[in-house]
Each structure stands twice: as C-alpha cells, then as structure tokens.
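What follows is one structure encoded as structure tokens, with my remarks underneath.
When a ligand or atom number is given, it counts from 1 through the structure's own listing order.
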Amino acid sequence: MQDKPATEVRTTCPYCGVGCGVLARVAADGQIAVRGDPDHPANVGKLCSKGMALGETMGIEGRLLEPEIGGQPASWAAALDLVADKFTETIAQHGPDAVAFYVSGQLLTEDYYVANKLMKGFVGSGNIDTNSRLCMASSVAGHRRAFGEDVVPGTYEDLEEADLVVLVGSNTAWCHPILYQRLLAARSERGTKVIVIDPRRTATVEECDLHLQIDPGTDVLLFNGLLAHLEAAGRIDRPFVSAFTTGFEDAVSVARAEVSSLEHVALACGLSVAELRHFYELFAAKERTVTVYSQGVNQSAHGTDKVNAIINCHLATDRIGRPGMGPFSVTGQPNAMGGREVGGLANQLAAHMDFNAADIERVSRFWNAPDIARKPGLKAVDMFDAVARGSIKALWIMGTNPAVSMPDAGAVRKALNSCAFVVVSDVTRTDTTRYADVLLPAAGWGEKDGTVTNSERRVSRQRPFMPAPGEARADWRIIRDVAHRMGHGEAFAYAGPADIFREHAALSTFENDGARLFDIGDVADISNSRYETFAPRHWPMARTGAPRARLLGDGRFPTADGRARFVAVRHAGVALATSQARPIGLNSGRLRDQWHTMTRTGHVPRLASNAPEPSLEIAPSDAAAYGLVDGDLAEIASAFGTARAKIRITADQKPGTAFLPMHWSGQFAANAGAGSLFAPVVDPVSGQPELKHVPVRISREAVAWSGLLITRRDIRPVGFVHWSRHKVEGGWVYELCGTELADQGILLASGLLDPVGHAQMVEYADRRGYGYRAAAIDEDGALKEALFVAPSRQLPSRDWLLSLLATRTQLSLADRLALLSGRSPVPMPAAGRIICACFNVGENQIAEAVARGSATVDEIGRNLQAGTNCGSCRSEIRKFLHEDRLQAAE
Ligand SMILES: Nc1nc2c(c(=O)[nH]1)N[C@H]1C(S)=C(S)[C@@H](COP(=O)(O)OP(=O)(O)OC[C@H]3O[C@@H](n4cnc5c(=O)[nH]c(N)nc54)[C@H](O)[C@@H]3O)O[C@H]1N2
Ligand SMILES: Nc1nc2c(c(=O)[nH]1)N[C@H]1C(S)=C(S)[C@@H](COP(=O)(O)OP(=O)(O)OC[C@H]3O[C@@H](n4cnc5c(=O)[nH]c(N)nc54)[C@H](O)[C@@H]3O)O[C@H]1N2
Ligand code: SF4
Ligand SMILES: [Mo]
C-alpha cells in the first residue's frame, strides 16, 4: 500500500454542517494534502479557511494513543471490561435511569446509531442526549410543531434561486462560509436582496442590503409583526392556508394583538420604523424568499417560538418547499442532522420515531428489544443536573467537551468531579477528559469510516485515508464492544459501519407507509462495495416513488391530519433581564477560524493568527462609561461565574451588549471560557439553553504588568490572573498579565523559563525591578524561548522573534544583541494581524493597499492575492474599505 502513489480519498469536511466534499491524500513525505472535491454538490471544489487547513490538524501531537484507567495506561480489554461492568452494576443496583450517555454531532451516523440503540433499546433508558441540544434542539422542536416531523424542506440551491434571503441570527460568512459564498455568487448574478437580522454587526453584514440590528431576544415580535403586516397587506395565500394548514386565525390574532403599530414593533425591537418597513415590504413583495436561521434563533429561552414565528410567515405565504423559497435551519456540526435521524436526542426514539405507544412497540420489535425505554430521557442541562444530584451515577461522554461548552460550565465541572463513574471517548486531552475514570482513545477524522448528513439532508461518506494512531479505535466499535460485554452480542453483531448503515436504513423504512418522511429504504440492502462508493445523496431515499430533493412543497405534511400547523407565539424576550448590578447583556458565538473548544483548529498557526487572543467586544459608549480602553484586561461576572478577556472596543457592538467567543478552554487560556458565565436557563419546549444572552458586570482588572513568552514548549502557566496562548510556527506565544507589583511579577514570570536545555541565556532586569527580558539560545545557536515582562503594556513587537522561532536559524552576533529589544537588526515589514489565512496577508498590508488606492475587494485581491482563494476573509477586507470610506467622509 505504501509503495503505491498516494491516491486521493473522497471524504467530507468534519467541521460545519455545510458538509463540503474533500479530496485528501497522504503525500510521500507524510504531509496531508486536501482540496475541495469538485464533484461534491455542496461545495463544487471550494473549501473555507478551516477546511483548507485540515491537513495541518492531523499531527499526533496531543492525541490519545491508548486507553487509560484512573490516569494510567491500560489495555483495551481492561478498559472495556471496566466500562461494561460499572454500567451493568449501576443499572442492576439503581435502575437504567442511573446511567447516561452524552454524545455529539462529531460522531458519524453509524456511531450515533449504535450508541442510541444501546441506551434506549438495551439499557432501557432514554438517557442519551447530545450536544445538539445546545445547537439544533429548538429547530427540531419548531419543525415538529409545524410539520409534524423534523424536516428541513429546502436545499442549498434555494439560496441561489431566491430573490430575497433573510439571515436570522446567523453569521453565515464565518459559520457556513461556503454556503455564504454560493449565496454571494448567485447574488452578483440575479441581484438577490440579502437581509441580516442580528444584534451585532457581523462579517455577514458586510455584504448585505439591510441590517436589522435588533435588540437581543426580540425575533418573535419582529416576525409576529411581519405576519400581521402580511395580513394587512393582503399577502396571505388564503387558498393554501385553508386547504393545507390549521391554526392560522389563532396565530395571526395573537400577532395582531401584540403589534399595535409599526412604531411599537420598531421601538420594542430597537429598530427604526423605516428599516422595519423596508424589511416587511421586501418580504411581502418577494415570493422567492428563503429565511435562514441559526443560533441567534435556536440558543434562546424562546428559541422554539422564534422558529415557529419564522415558519408561520412562510406558511402564510405558501413559500415552502418550492424553488427559491422556504424556512431554512442551517445545522452546525458535520453530523448534527445525522444525529437527529438516529434519535440522538433524549426525547426521540430512532429514525424520526417518538416515545408514543405505537412507535415504541415498533422499534422494540425491530430491535428485538423487549426492555426498550418507554419514556424520554433527560435533556443535556437536566442530565448534568442529575449527575450533580447523584441520581446519574455512571456517565459516558463521547466526542464533546461539556466542561467548556455547557452553560454554567463551572457547575458541570463540579458535577463531573462528583460523579461516581465517568467515561470519556475523545481523540485528544480536553478540559473534560480530566474528569474521566476511563479514557478511551477514539479514531478521528481521516481515520474513521461512515456517513454524515448535512444541512440540506444530503448524506455523504467520511472515508479514512490513514490509519488511526496508537491504539485509537472507531467509536462504533468501542460502543459495540461494550454492548457485547453487557450481554448484547446478538443485537450488536456488526462487523463494520456498512452493517450498521443497512440496519439504520432498514429501520427508517420499517412499517413506514409514508407517515415518516425520513425513509432511506432504498439503501437498506446496499452492498459493502456500493457503501464504499456511495455518492452524496439527499434523503428521502425511499424504495418507491420518484426521488425528490425538496420536501413539503406538495401541501402534504407528516402530521396526523396531513396539514401544517401555525403556532400562536407570543413575544417573551430574553429570560434574564439586565439590571443595575449586571447592566450588560453578554452574547457569545463563533470566530472565523476557530472550531468550538479549539481541540483541532487551536493547533494550526494560520488559523490562530486572525484572532490570537480571547477578547470581549464592547461598544465605544459602554467602554467610555466603564473607563475601559482597548487591550485592558476585563473581568466579566455573571450570576453563574466569572471570566477574563482583553477588551476590544468596536462599533459593531450595540450599546448595552458585549460579545465573548465561545472557544477558549482551559487548554488555551487561564479563564476565558464563555460557558461558565451562561445560565442553565432553557427553552421550555426544546430544552435548549439560552447561550446568546446573560446579564454581566464588566470591570477593569488592575493589571500591574504584562508579559510575553515565546517558546517551543507546550505549557499551562499557573499563578497569573490571566494568560492565553496561541500556536505559531515552531511553538507557542503566551500572553500574560499580573496584578502583583511589577517586581513580584518578574519573580513569578521568571519561573516560566525552562531552567534546563539551553546553551546560553541572555537576560536584562531593569534596576528598579519594573521590567525583565530574557532569551534562551539552544546548542545550535537558535532562539529557544524569550520572555518579556513590563509594567503596563510596553512589550516588544514580535514579528521578528516569531520568525526566529519558526526558522530556528542560527543567530548572528547582531541578532543576539538585538534579541532583548525584539527588533530585527535589519528592517522588516510587520504584516500585523493576519486577515487572509490562505495567503498570509496581514491587516497592515491591506490597510496600505487601501491607502494606496485599492477601492474594491477584487482590486485588493489582484494586488495582494488576499481573498482570492477560499473567500472567507472577503467580508473582513470589505470592512477595511468601509472604514476607509467612513474616515474619508468625516
Ligand atoms: N468558524 C466556525 N464555524 C462554525 C462553528 C465554529 O465553531 N466555528 N461551529 C458550527 C456550529 S456547531 C454551529 S451551531 C454554527 C453556528 O453558526 P451561527 O449561528 O451563525 O454562529 P454564532 O456565532 O453562534 O451565532 C450567530 C449570531 O447570532 C446572533 N444573535 C445573538 N442573539 C440574537 C438574537 O436574539 N436574535 C438574533 N436574530 N440573533 C442573535 C449573534 O450575534 C451571532 O452573530 O456554526 C458552525 N460553523
Ligand atoms: N457559550 C456558548 N456555548 C456554546 C455555544 C455558544 O454559541 N456559546 N454553542 C453550542 C453549540 S451550537 C455546540 S455544537 C457546542 C459544541 O461544543 P463541544 O461539542 O463541546 O465542542 P467541540 O470542541 O466540537 O468538542 C468536540 C470534542 O470531540 C472530539 N472529537 C472530534 N472527533 C471525534 C470523534 O470522531 N470521536 C470522538 N470520540 N471524539 C471526537 C474533539 O477532540 C472535541 O474534544 O457548544 C455549545 N456551547
Ligand atoms: S464551509 Fe468550511 S468548515 Fe464548513 S464544511 Fe465547508 S470547508 Fe468545512
Ligand atoms: Mo452547534
């Protein structure tokens, strides 16, 4: 195999729910090369910055290579025995609901299916929930209320065939970049109007026609206002509504009662009457309208109502399931949709079946599982509550990092610490693996084998192109082997993912007379070789009937009476109101180049360079009110916890709100995680927590000194009020802050340098003890590490030092003399923060190009290449042009 020239393997990107096809191969030098798959319908050859950098995430640095029991290496046999024994014992003593699985949209459909079958079918508890509870649960619940089943009606083409695209609570430019690029390409041809509804001015806003910067949590009112407007304007499709739906009169009368006037809605949503009218009139006028929504809608205490408020407007105008129109919930994770298909959520059974008597009986027969769970299990927030209370005594976490990503994460960490038995399957060490009694090394992307489903219901293959390192194993196999040891050999007799896929497909079509749209019976008998070559395909894939990509356009809905349901929804706002004590509404979400808790993207220098430090974004007026300036260290305190991050003042933030990225775990910063701050307050229907709003107090930390450590070593500093780190070529950069006096800071910080392994150390301490600079040089005369401590923020510029770390070149005498100044002995241009990660183009270069007269994104692309590859940075480049124009106008 190794002697053959490396062939490209067709697989799917493991990041967002766009589900782009990737061609990957291991080159002769061991490097992994990836490119977009030109034949994959989702991306037709393109990849975004994260997808482009996939090859750089494949190193075995940090990978879990063998099972561990109590922190000590163990054999697979011992680890699997222990997991099976502990679960069996706990179930015997305390009943099936004393155990739980918390799983993830990182899992492949086959892994997910086996986990769900084991818990619901054979343990006999509904206690399997997934991080999709934090992500898609409100969309699922909204779909089920309106359509009777969790169905996304449209496809990606609809965004290209629409005349109006409304993006609600979605930073599409950064979070679904390739889909966004497709939308922009179509827009430049057909002039699609794009409206963004988001309390922040995001990168997505840079390329839209109208930005409705609503106040947090006011979406229901906004869309109720739209429904009332559509009625008043005579835009309701009465024949459709009366023939194919129920509940319109209720929904519209609640909406009407709520919205006394346009002025009232505008005021309550924090908008001007003119912009509100513009939105309503555009929506009324454009039949081909797609409304895309994401976490600004789902992650809310009233997320399900937000979803139905949107769907109501589409039903009222019969804009659903037809080309260029429909409500469109975009999924987050690579397999968020697949997890929903198998029943990964605690309140669903399997294959879109519920916990009703008929479905329970049907699945029980299909699985031959008489002890099947008969009621839903606990949803994520309640599940960790039960762990904290001790009623769940054995918990198995797979492919998710709840110690970081759950709301009230401090309480989740406590719960994990107190839990009698915690199993974690992951590919790497995380904040969550610290609590594992048994740690199981899982195979990751590029090693595992199975299927995923993207936002438009398209099932694609993930295929391995390299062996798993050490003893890592595929998740389905780990779960199967535990099931065998728990006495369920026959029901889990799978030799490989194809066996599981066939069973999953067979269940979807089992006694399915068309009542469930999720039917993939056509592939229930797929051969192993056809499974190998399976090409991306939409579901449904029923055995009979013509294949169809769009759903629900025929006026038939999978409800009991076949009609769609309007849901009367009332505006309720955010769950927790700001107060004098906590006057700022904190929002959280994603950055362009990081993925969640950074377990993969955090190790790639070019992905770290766009936003190297965790920062809290606040509006200029709030910064002035609290006496904060850019770069100050802020303490952010909610009723649930605290975090620290550097202040970034930006007019993109609405006064009274702040934004903290969700990404920085304890592996990358002292205490900059958003999770600890958010409330475990959930939507009453979906159980999804409100991760987009929590009242906080922001105050300035009295920082006495700042430090900068540039090193080859991978360390976690202790004893500092704040640190964060980011990956660079050849090592890491640590940003440090201290509240001690500067001279004490020096003492503390000097412990950071590696006392051994250097041939020479140059050092300088300021006489009064206010500053300290040191650099260590290795045996080959190259820079090993450098540390700078200074009162306030007088730290040296770093570009040159970073280039020394990256190249490991032997230092000249002039270099050595210059080391402690941090300034290159020969002039060197500083690129600044990297904007274009593909071609390494920095903000200084772009600003210079603009100053020299580049007037469009394309012109900058021609001059600097920036933005000409994946396109993810084009909206940021536009921002430079935008700001330049603003300055010119002043
Ligand atoms: N780069 C990157 N891409 C990703 C991910 C990643 O980690 N990194 N993760 C993936 C996953 S799992 C997911 S779920 C998706 C999430 O994708 P998105 O939902 O697009 O991303 P977020 O940044 O979480 O939130 C979107 C926006 O909701 C806005 N918002 C907050 N409150 C409100 C409100 O009350 N109303 C409205 N209308 N908007 C509000 C926020 O200001 C934010 O800009 O991204 C996927 N793609
Ligand atoms: N404050 C705040 N919190 C949020 C959000 C927010 O917007 N704000 N968003 C929420 C949303 S939408 C989401 S989706 C969650 C995401 O939150 P998490 O699921 O906690 O985030 P990840 O970092 O993606 O964690 C995935 C883990 O799975 C591991 N992994 C990757 N592949 C595999 C595999 O094949 N097998 C196994 N066993 N492990 C694997 C990775 O190493 C990583 O540790 O965060 C939620 N939390
Ligand atoms: S848009 Fe980017 S992150 Fe999402 S699937 Fe495509 S390449 Fe991966
Ligand atoms: Mo998500």
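- Under a 4.0 Å heavy-atom criterion, Met406 is not in contact with ligand 2.
- Shown in contact with Trp595 at under 4.0 Å from a heavy atom are these atoms of ligand 2, numbered in order with element: 24 (O).
- At the shortest separation from atom 33 (C) of ligand 2 among protein heavy atoms lies Val427 CG1, 3.9 Å.
- Note: no N/O pair closer than 3.5 Å links His663 and ligand 1 by distance alone.
- The distance criterion of under 3.5 Å between nitrogen or oxygen atoms is met by Lys692 with respect to ligand 1.
- For Leu47, the heavy-atom gap to ligand 3 drops under 4.0 angstrom.
- On a distance-only criterion, Gln299 and ligand 2 share at least one N/O pair closer than 3.5 Å.
- Both tests pass for Arg200 against the ring of Phe659: distance under 6.0 Å to the centre and angle within 45° of the axis.
- Nearest protein heavy-atom neighbour of atom 44 (O) of ligand 2: Asp426 OD2, 2.6 Å.
- Among the atoms of His176, no N, O or S atom falls under 2.8 Å of atom 2 (Fe) of ligand 3.
- Of all protein heavy atoms, the one lying nearest to atom 19 (O) of ligand 2 is Asn131 ND2, 2.7 Å.
- Selection from Cys175, Ala468, Ser588 by nearest heavy atom to atom 2 (C) of ligand 2 gives Ser588.
- Not a single heavy atom of His693 sits less than 4.0 Å from an atom of ligand 1.
- At least one heavy atom of Leu591 sits under 4.0 Å from some atom of ligand 1.
- Residue-level proximity to ligand 3 for Cys16 is carried by backbone and side chain together, each with a heavy atom below 4.0 angstrom.
- Counting only heavy atoms of the protein, atom 47 (N) of ligand 2 lies nearest to Ser405 O, 2.8 Å.
- Below 3.5 Å of separation, one finds no N or O of Arg600 facing any N or O of ligand 2.
- No heavy atom of Ser132 sits closer than 4.0 Å to any atom of ligand 2.
- Shown are Thr204, Val196, Ile178, Val194; of these, the side-chain contact (heavy atoms from CB on, under 4.5 Å) with Thr172 is made only by Thr204.
- With atom 21 (O) of ligand 2 as the reference point, the heavy atom nearest to it among Met398, His596, Gln106 is part of His596.
- Contact between Met136 and ligand 1 is absent, with no heavy atom of the residue lying under 4.0 Å from the ligand.
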